[in-house]
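All remarks here apply to the structure that follows.
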Amino acid sequence: MRPLIVIGNWKMNGNLASNADWIKTVARGMESGMPADRQYVVCPPHPYLAQCAQLIKEHSLAFLSLGAQDASAQSSGAYTGEASASMLKELGCRYVILGHSERRQLHHEVDEVVAAKALQVLDNGMTPVICVGETADERNSGRAEEVVCGQITKQVAVLQDRLVDCLIAYEPVWAIGTGKVASAQVAQDMHRHIRLQLAEFDEDVASHVGILYGGSVKPDNAVELFAMPDIDGGLVGGVSLNPNDFLAICQA
Ligand code: PEP
């Protein structure tokens, strides 16, 4: 049985005071217990990881794990501005988002780089959350499955059966930050497609890998999305900045 996982991606938002308020509110909301078969993760910007790790500890927030929004493909050296997977691990991260469409678009990250980053993250005992997804043009021209399968193929080629220790996030680019959510059936169809593609490689990997949906997830659409058989949770961007909405999605 795959656990349901909800990951909040704060993107480049937050400050010391608002981060502390967020963790306090979520701690209060989780005080009375949360479903045991679920996992919850928050991914603040790198400069706030240490603060959030400390706050999670102070509030004894056993239900909430820390994640990062990116990691370097290198282990150390002359890579100004980058953070290595071992540094993120040292700060208490358990998950790392990789290949987010904003990084692919704005930083020209390609699948091979995403796979190299995933290896670094795995080698440091954390879980890569590998994002894939098609643009509006690719979907409108009937190429959505081909594009996503191409992205998955490149990960399989490098990661092989280590994919079993990764999460995949299907994030249609046209749904990210736009308010246009994929219908639960459209998302389920793509998740199914990804799982069948993985099964061609290895049945065990396919049945164990968690596939999350991301793209304008909100408290009012999370229930329907999470009820789909191949949707194992959500990667939530903008809405996760509001701790009450994040809690509502966690409880969906
Ligand atoms: C994201 O950034 O991963 C994301 C899904 O964003 P949003 O929820 O704002 O669409």
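When a residue number appears, it is its place in the shown sequence, counting from 1. In what follows, every heavy atom counts, from backbone to side chain, and hydrogens, waters and symmetry copies are set aside.
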Please answer: with hydrophobic residues joined when any side-chain heavy atoms are less than 4.5 Å apart, are Ile168 and Val158 in the same cluster?
yes
To the nearest 0.5 Å, how far apart are CD in Gln51 and CG in Asn15?
8.5 Å
What are the two closest non-hydrogen atoms of Leu198 and Val156, and how far apart are they?
CD2-CG2, 4.0 Å
SG-CD1 distance between Cys149 and Ile194, expressed to the nearest 0.5 angstrom:
7.5 Å
Gap separating the CG atom of Leu66 from the CG atom of Leu61, nearest 0.5 angstrom:
11.5 Å
Are more than 12 heavy atoms from other residues, nucleotides or ligands located less than 6.0 Å from atom CD of Glu58?
yes
Side chains of Trp174 and Arg139, heavy atoms from C-beta outward: is any pair under 4.5 Å?
yes
Pairwise distance CG(Asp165) to CG(Leu122) - rounded to 0.5 angstrom
6.0 Å
Audit row: Tyr40, Ser65, side-chain contact (heavy atoms from CB on, under 4.5 Å) steps and yes/no
CA-CA 6 Å; Tyr40 314 101; Ser65 300; over 6 Å; no
Mind running salt bridge (Lys or Arg N to Asp or Glu O under 4.0 Å) on Glu31 and Arg28 for me, showing each step along the way?
CA-CA 5 Å; Glu31 222 165 44; Arg28 208 176 297 134; over 6 Å; no
Is the backbone of Val186 close enough, under 3.5 Å, to the side chain of Asp189 for a donor and an acceptor to pair up by distance?
no
Taking a hydrophobic cluster as the set of Ile, Leu, Val, Met, Phe, Trp and Tyr residues connected by side-chain heavy atoms closer than 4.5 Å, whether directly or through intermediates, do Tyr213 and Ile211 fall within one such cluster?
yes
Is there a side-chain contact between Pro44 and Asn19, using heavy atoms and a 4.5 Å cut-off?
no
Are Val41 and Val129 co-members of a hydrophobic cluster defined by side-chain heavy atoms under 4.5 Å apart?
yes
Determine, stepwise, if the pair Phe63 / Val26 fulfils side-chain contact (heavy atoms from CB on, under 4.5 Å).
CA-CA 10 Å; Phe63 294 108; Val26 167; over 6 Å; no
What closest approach, in Å, do Cys43 and Ile7 show between heavy atoms, and which atom pair accounts for it?
SG-CG2, 3.6 Å
Would a 4.5 Å heavy-atom cut-off, applied to side chains only, mark Pro243 and Asp21 as touching?
no
To the closest 0.5 Å, what do you measure between NZ (Lys117) and CD1 (Ile97)?
12.0 Å
For Gln197, does its backbone N or O pair with a side-chain atom of Glu200 as donor and acceptor, under 3.5 Å?
no
Counting distance only, does the side-chain N/O of His107 pair as donor-acceptor with the main-chain N or O of Glu109 below 3.5 Å?
no
Minimum heavy-atom separation for Val209 and Val164, please, with both atom names.
CG2-CA, 4.0 Å
Taking Glu171 for the side chain and Val132 for the main chain, is one N or O donor matched with an acceptor at less than 3.5 Å?
no
With no hydrogens and no angle check, is any side-chain donor or acceptor of Ser72 less than 3.5 Å from a backbone partner on Ser84?
no
Are Leu212 and Met190 linked, directly or through intermediate hydrophobic residues, by side-chain heavy-atom contacts shorter than 4.5 Å (ILVMFWY only)?
no
Do any pairs count as a side chain to side chain donor-acceptor pair (under 3.5 Å) and have a residue in residues 223-238, sequence neighbours left out, and if so which ones?
Arg2-Asp232, Gln188-Asp230, Arg192-Asp230, Arg195-Asp230, Arg195-Asp232
Strictly distance-based, threshold 3.5 Å: is any side-chain N or O of Ser207 a donor or acceptor partner for the main-chain N or O of Glu203?
yes
Within a strict 4.5 Å, meaning less than it, do heavy atoms of the Lys154 and Glu112 side chains meet?
yes
Are Ser240 and Val42 close enough, and set up right, to give a side-chain contact (heavy atoms from CB on, under 4.5 Å), and what steps lead you there?
CA-CA 9 Å; Ser240 74; Val42 61; over 6 Å; no
Evaluate the criterion side-chain contact (heavy atoms from CB on, under 4.5 Å) for residue pair Gln39 and Val6; output intermediate values, then yes/no.
CA-CA 6 Å; Gln39 291 164 21; Val6 180; over 6 Å; no
Ignoring hydrogens and geometry, is there a side-chain-to-backbone donor-acceptor pair from Asn221 to Val217 under 3.5 Å?
no
With a 4.5 Å cut-off on side-chain heavy atoms, are Met228 and His191 touching?
no
Are Asp70 and Arg103 close enough that some pair of their side-chain heavy atoms sits under 4.5 Å apart?
yes
Please report the closest heavy-atom contact between Gly179 and Ser216, naming both atoms and the distance.
N-OG, 2.8 Å
Any side-chain heavy atom of Val148 within less than 4.5 Å of one from His193?
no
Electrostatic pair Lys11-Glu102, nearest N-O below 4.0 angstrom:
yes
When hydrophobic residues are tied together by side-chain contacts of less than 4.5 Å, even through go-betweens, does Val236 share a cluster with Leu241?
yes
Using atom types as modelled and distance alone, determine if a side-chain donor or acceptor of Asn242 lies under 3.5 Å from a backbone N or O of Asn244.
yes
Closest approach of Pro172 to Gly214 (non-hydrogen atoms, all atoms of both residues)
CD-O, 3.4 Å
Quick one: are Arg104 and Gln151 in side-chain contact, heavy atoms under 4.5 Å?
yes
Of the non-hydrogen atoms in Cys250 and Met34, which two are nearest, and what is the gap between them?
CB-CE, 3.7 Å
Suppose the criterion is ring-ring contact (aromatic ring centres under 6.0 Å, His included): which pairs have a residue in residues 222-252, not counting sequence neighbours?
Trp22-Phe246
Nearest 0.5 Å, please: how far is CD in Gln120 from CG in Leu98?
10.5 Å
